[in-house]
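Notes follow once the structure below has been shown.
Note that the coordinates shown come from a computational prediction; the quantities given were computed from them, not determined experimentally.
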Amino acid sequence: MRRNRRTDWSRRMVRENTLTVDDLIWPLFLTEGTGIEQPVPSMPGVMRYSVDNIARQIEEAAELGIPAVALFPNTDPSLRDADGSEALNPENLICRACHAIKDTGLPIGIVTDVALDPYTSHGHDGLMKGETILNDETVAQLVAQALLQAEAGADVIAPSDMMDGRIGAIRAGLDAAGYRDVQIMSYAAKYASAFYGPFRDAVGTNATLVGDKRTYQMDPANSDEALHEVALDLEEGADMIMVKPGMPYLDIIRRVKDTFERPTFAYQVSGEYAMIMAAAGNGWLDGERAMMESLMAFKRAGADGVLTYFAPRAARKLKGLD
């Protein structure tokens, strides 16, 4: 077996999986104001950008060949309320950023998050009555949110809320409004995970979240349930599906890809990124090698692409620029 491993050219020739820039989606955080590039303390190297600064990141993505960015807002606390009404404001952060990105004229796909947690005062992904998350009432609002984002220029609607039936409702709403070409990437198997902590810092929901999300996000103990969730979302019209988090759920990625053979994405979430960066910062591991190894793991597990905060850094590595 070692003969095939002896030289670099031979290892490359027999390599079973490859990672390319085309596999990367770059999540970007937005914040109010002008001229802002604000560090996220729990995510070294990750920033929140004001809308006027987002064009520079899109230019960098285009130069590196990254095909798409995913947008997430840190909504001003004064704009958050129990109903998440800012999600339906056509001038909210996401909508303004979509317009700004389209104005660059660069061939970058825009993936937008559909959920209410960045907009609600209680930090949940849906509308609430007492301590209960209301499913159908939330879905109606998610459809309206998706339509606003599509109108603003979103190319891919990515519902992360985990409400039942929302994919079918959003697909029907988009089609009826003339947005038949807008794709849906469903957060189909999204687990109630401890690995989301730094992301919640980045979008400001750690301070607002009341209770937890276990009544609508998946139990980490379950695997068969993920297949059921994915099957439902595909039947309802999802074009692509996602497993979130990534590294702790490689087995789910493999089962999903083998079962459905549809475009399957992994989200290397904030906690995964922060762990690698923290260990590298302390000199406990080689950060560059750990980054690339972790991304290759997603491809080996069957993912067609990865949402990762490492996207620009990994792209430079893949293109030989670092």
Side-chain angles (χ1 to χ4, degrees), residues 23 25 68 70 87 109-117 124-127 132-151 154-193 213-246 249-267 269 298 301-307:
D23 299 319
I25 298 174
I110 305 173
V111 182
T112 54
D113 177 54
V114 171
L116 299 184
D117 54 323
H124 279 284
D125 295 56
L127 303 174
T132 301
I133 305 296
L134 302 174
N135 191 91
D136 294 356
E137 293 86 345
T138 297
V139 168
Q141 187 151 322
L142 297 176
V143 172
Q145 182 185 9
L147 290 174
L148 277 180
Q149 293 177 356
E151 183 179 358
D155 300 294
V156 181
I157 299 297
S160 65
D161 57 286
M162 290 297 286
M163 297 297 116
D164 291 340
R166 89 273 202 218
I167 300 300
I170 290 172
R171 182 72 271 163
L174 290 171
D175 290 354
Y179 298 112
R180 293 181 177 275
D181 292 334
V182 172
Q183 298 155 274
I184 296 178
M185 176 189 287
S186 172
Y187 288 62
K190 181 179 180 181
Y191 285 83
S193 172
K213 302 188 178 187
R214 288 181 289 184
T215 65
Y216 50 99
Q217 293 180 354
M218 283 187 57
D219 187 334
N222 294 352
S223 176
D224 292 344
E225 183 184 11
L227 300 184
H228 192 185
E229 288 278 11
V230 170
L232 288 169
D233 286 1
L234 289 172
E235 288 169 9
E236 291 177 22
D239 301 287
M240 302 168 276
I241 53 86
M242 184 200 301
V243 175
K244 182 181 180 182
Y249 297 89
L250 292 176
D251 60 315
I252 307 301
I253 297 169
R254 170 50 63 193
R255 289 194 70 187
V256 166
K257 186 63 177 180
D258 287 349
T259 302
F260 299 102
E261 299 180 331
R262 296 289 293 275
T264 302
F265 290 78
Y267 199 140
V269 299
F298 296 121
D304 297 289
V306 187
L307 287 82

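- The line from CG of Asp219 to CD of Glu225 is 7.0 Å long, rounded to the nearest 0.5 Å.
- The two atoms that bring Ala115 and Ser160 nearest to each other are CB-OG, 3.4 Å, heavy atoms only.
- Within the 4.5 Å cutoff, the side chain of Leu174 has heavy atoms near those of the Leu147 side chain.
- In this structure, CE on Met163 lies 7.5 Å from CG on Leu142, to the nearest 0.5 angstrom.
- Atoms CG and OH, on Asn135 and Tyr216 in that order, are 11.5 Å from each other to the nearest 0.5 Å.
- Take Lys257 and apply the salt bridge (Lys or Arg N to Asp or Glu O under 4.0 Å) test, not counting sequence neighbours, and it matches Asp304.
- Using the six-membered ring where Trp is involved, Tyr187 and Tyr267 have ring planes that are tilted, between 30° and 60° apart.
- Residue Ile253 comes nearest to Ala303 through the heavy atom pair CG2-N, 3.7 Å, listed as atom of the first residue, atom of the second, then distance.
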Steps toward side chain to side chain contact (heavy atoms under 4.5 Å, CB included) verdict (Gln145, Leu116): CA-CA 9 Å; Gln145 182 185 9; Leu116 299 184; 3.8 Å; yes

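- Smallest separation of non-hydrogen atoms from Tyr191 and Ala226: OH-CB, 3.6 Å.
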Donor-acceptor contacts under 3.5 Å from residues 236-244 side chains, at least two apart:
| unit_1 | atom_1 | unit_2 | atom_2 | d |
| --- | --- | --- | --- | --- |
| Glu236 | OE1 | Ile167 | N | 3.4 |
| Glu236 | OE1 | Gly168 | N | 2.8 |
| Asp239 | OD2 | Ile184 | N | 2.8 |

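- The two residues Thr138 and Gly126 come nearest to each other via the heavy atoms OG1-CA, 3.4 Å.
- Applying the salt bridge (Lys or Arg N to Asp or Glu O under 4.0 Å) test to Asp224 and every residue at least two apart in sequence or in another chain returns Arg255.
- Remark: Asp258 pairs with Arg254 by the salt bridge (Lys or Arg N to Asp or Glu O under 4.0 Å) rule, at least two apart or across chains.
- Side-chain atoms of Glu229 and Lys190, non-hydrogen and from C-beta on, never get closer than 4.5 Å to each other.
- The two residues Phe260 and Leu227 come nearest to each other via the heavy atoms CZ-O, 3.3 Å.
- Ala146 pairs by the side-chain contact (heavy atoms from CB on, under 4.5 Å) definition with Val114, Ile157, Ile170, not counting sequence neighbours.
- Among pairs with a residue in residues 164-180, those fulfilling side chain to side chain donor-acceptor pair (under 3.5 Å) read Asp161-Arg166, Arg166-Asp233, Arg171-Asp175, at least two apart in sequence or across chains.
- Enclosure of atom CD in Glu151 is not indicated, since only 12 or fewer non-hydrogen atoms of other residues, nucleotides or ligands lie within 6.0 angstrom.
- To the nearest 0.5 Å, the span separating CD1 on Ile252 from OG1 on Thr259 amounts to 10.0 Å.
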Stepwise side chain to side chain contact (heavy atoms under 4.5 Å, CB included) check, His124 with Lys213: CA-CA 7 Å; His124 279 284; Lys213 302 188 178 187; 4.0 Å; yes

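- Contact check for Val182 versus Asp155: no side-chain heavy atoms found under the 4.5 Å cut-off.
- Across Val139 and Gly165, no two heavy atoms sit closer than the pair CG1-O, 4.4 Å.
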